[in-house]
2 protein chains.
Amino acid sequence: MSTLTPKQQEIRDRETRILEVARRLLDDSGYLGLSMDAIAAELGYSRGTIYNHFSCKEEIIIAQAIRTMNQRTNMFRRAASTSGRPRQRLSAIGVAAELFVRLHPDHFAVEQLIRSASIWDKTSEKRRRAMHLAESQCMAIVAGIVRDGIAHGDLTLPDQFSPEDLVFCLWSVTFGAYSIIATSDGLEAHGVLDPWYAVRLNINRTLDGFQWEPLSTEFDYLAQFEQLIHDVFPEEQRQLFG
Amino acid sequence: MSTLTPKQQEIRDRETRILEVARRLLDDSGYLGLSMDAIAAELGYSRGTIYNHFSCKEEIIIAQAIRTMNQRTNMFRRAASTSGRPRQRLSAIGVAAELFVRLHPDHFAVEQLIRSASIWDKTSEKRRRAMHLAESQCMAIVAGIVRDGIAHGDLTLPDQFSPEDLVFCLWSVTFGAYSIIATSDGLEAHGVLDPWYAVRLNINRTLDGFQWEPLSTEFDYLAQFEQLIHDVFPEEQRQLFG
DNA sequence: CTCGTTTTTGACAGAATGTCAGAAATCTTC
DNA sequence: GAAGATTTCTGACATTCTGTCAAAAACGAG
């Protein structure tokens with residue numbers, strides 16, 4: 001049957017409502033504060049009903065992560081499809097990454113939580129595969145740009161160093177920086193002036209170190225930053241900065 | 001009284017034994033697998049006794065993290081006190097960081113867990129301060145080397161960019177990379193050849209990007225790497241590679 | 001050996017998870 | 001629109017863990 005009965009429609013809606021409530025609870029009081037009881041109570045259902053949708057609370061958490069990760073991949077895809085030389089397109093991905101993490105400040109914490117807190121083992125094979133898929137899609141987009149850079153003659157990688165190795169480097173620095181920013185209050189107290197700016201500069205200098213042309217001395221990537229926000233991500237920009 | 005009674009001695013010993021067992025449980029089955037029951041059973045005490053030492057399991061986890069973080073700080077201190085130009089000493093810290101994470105593969109996962117999973121709020125003020133202290137000591141060591149580099153004339157930082165910002169960059173990339181390595185099986189399947197090598201190269205190229213002399217084209221930091229392991233961390237090297 | 005002190009114990013209350021048989025709602029067919 | 005088939009929902013239940021605390025046991029000084 002192609003059209004859904006009202007009931008089926010309601011069930012589908014409920015799934016997203018569960019995720020919404022779960023997200024708020026997770027934001028407010030973390031993993032320990034997220035309980036099936038609380039979700040059920042908030043939505044006015046019994047616990048059993050929630051268990052019809054998700055077999056355990058870990059499934060809810062991973063579902064959450066997959067959703068936002070796919071949004072991220074979409075933003076990356078849009079960034080990758082801009083025009084310009086490869087390193088400029090990579091810079092657009094940097095914009096996407098930063099906007100994304102500002103829209104979903106908790107995403108990396110949740111992702112790390114899934115990977116470390118023995119949550120992984122309790123989730124379904126299906127969702128785990130969805131998560132892997134989303135992840136490798138993201139990597140593939142960035143790796144594609146690196147290959148473009150090489151094909152263009154803008155970049156030559158060292159021996160024993162694959163495009164994926166470079167993607168891993170960029171992944172590390174963003175994952176690490178955004179995790180630290182999200183979880184460590186008082187970076188300023190440690191003497192860090194503007195962590196967001198630091199990440200941008202860091203990535204630019206790293207790519208300079210790999211001699212990826214045009215170097216940041218030849219092209220002002222940080223200035224391009226503002227422009228890209230307006231041109232490629234107007235909707236996200238509005239959500240974030242009014 | 002200066003000398004401890006046998007009983008007091010036993011209590012003190014027990015504390016470290018609790019942490020040992022907790023560490024194994026944490027390694028084996030993660031945060032969810034760590035239970036006060038299991039620890040008590042394994043050591044042959046009742047739960048109440050364990051609660052005399054640690055008021056909740058979160059306290060055990062943070063105690064764990066503080067212990068290993070202090071070991072890390074010690075290794076950093078040893079690395080920082082080597083001779084050579086500032087960037088070479090920073091390279092020695094890179095060796096320390098990598099050896100450390102290979103000795104304690106779970107450390108960063110635990111650290112992230114503490115920060116994200118609402119564990120932080122359940123821990124005592126005293127331990128939280130100990131954790132902050134350990135962290136800023138580590139940062140201070142690295143920041144000191146950055147300042148040495150500037151004082152030496154080997155490094156000039158961009159405007160609006162403090163030594164601590166550079167430390168934050170290095171912290172991000174190591175934290176991110178080691179977290180990913182520890183939690184993501186099958187990096188090789190993603191096309192990453194040797195993540196450890198990638199991190200080293202990444203950091204060297206980043207510092208090149210900041211024009212920190214001597215550049216990696218002038219001095220072979222990767223070759224120095226092997227040497228430093230033997231000279232500064234023979235004990236750790238033995239533990240790791242037999 | 002005795003008595004005050006410290007330490008240990010395990011029963012208990014509370015909170016959350018995940019299950020499942022029966023109740024309720026919904027859909028199908030005539 | 002009513003009966004019967006099917007799906008969905010419910011809340012009581014068993015279980016597992018946490019954290020507490022009064023009573024019991026072990027300890028140490030004199």
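Below, chain A is the first sequence line, B the second, and so on; all start at residue 1.
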Q: Have a look at B:Ser35 and say if it touches a base, only the backbone sugar-phosphate, or nothing, with a 4.0 Å heavy-atom cut-off.
A: sugar-phosphate
Q) Rounding to a whole Å, what distance do you find between B:Tyr31:OH and C:dA16:C1'? A) 13 Å
Q) NZ of B:Lys57 versus P of D:dT16: gap in Å, rounded? A) 15 Å
(Q) Ignoring hydrogens and geometry beyond distance, is the side chain of A:Arg47 in donor-acceptor contact with the base of C:dG18 at under 3.5 Å? (A) yes
Q) Which listed nucleotide (D:dC9, D:dT18, C:dT17) is nearest to the side chain of A:Thr49? A) D:dC9
Q) What is the distance from CD1 of B:Ile61 to P of D:dT18, rounded to the nearest Å? A) 10 Å
(Q) When you compare the side chains of B:Glu59 and B:His53, does any donor N or O come within less than 3.5 Å of an acceptor on the partner? (A) no
Q) Is the closest side-chain donor-acceptor distance between A:Asp165 and A:Ser162 under 3.5 Å? A) yes
Q | Whole-Å distance separating the CG atom of B:Leu32 from the P atom of C:dT17 | A | 11 Å
Q.
If we count only N and O atoms by modelled type, under 3.5 Å, do the side chains of A:His104 and A:Gln71 hold a donor and an acceptor together?
A. yes
Q) Between B:Glu10 and B:Lys122, who's closer to the 5' end of DNA chain D by nearest nucleotide? A) B:Lys122
Q.
Expressed as a whole number of angstroms, how long is the span from B:Asn52:CG to C:dT8:P?
A. 6 Å
(Q) Take a 6.0 Å sphere around CZ of A:Arg67 and say whether it holds more than 12 heavy atoms from other residues, nucleotides or ligands. (A) no
Q. Rounded to the nearest Å, what distance is computed from the CZ atom of residue A:Arg14 to the P atom of nucleotide D:dT8?
A. 9 Å
Q: Return the value, rounded to whole Å, for the distance between atom CD1 of B:Ile50 and atom P of C:dT9.
A: 9 Å
Q) 5'-most contact on DNA chain C: A:Gly48 or A:Asp37, nearest heavy atom basis? A) A:Asp37
Q | Whole-Å distance separating the OH atom of A:Tyr51 from the P atom of D:dC13 | A | 18 Å
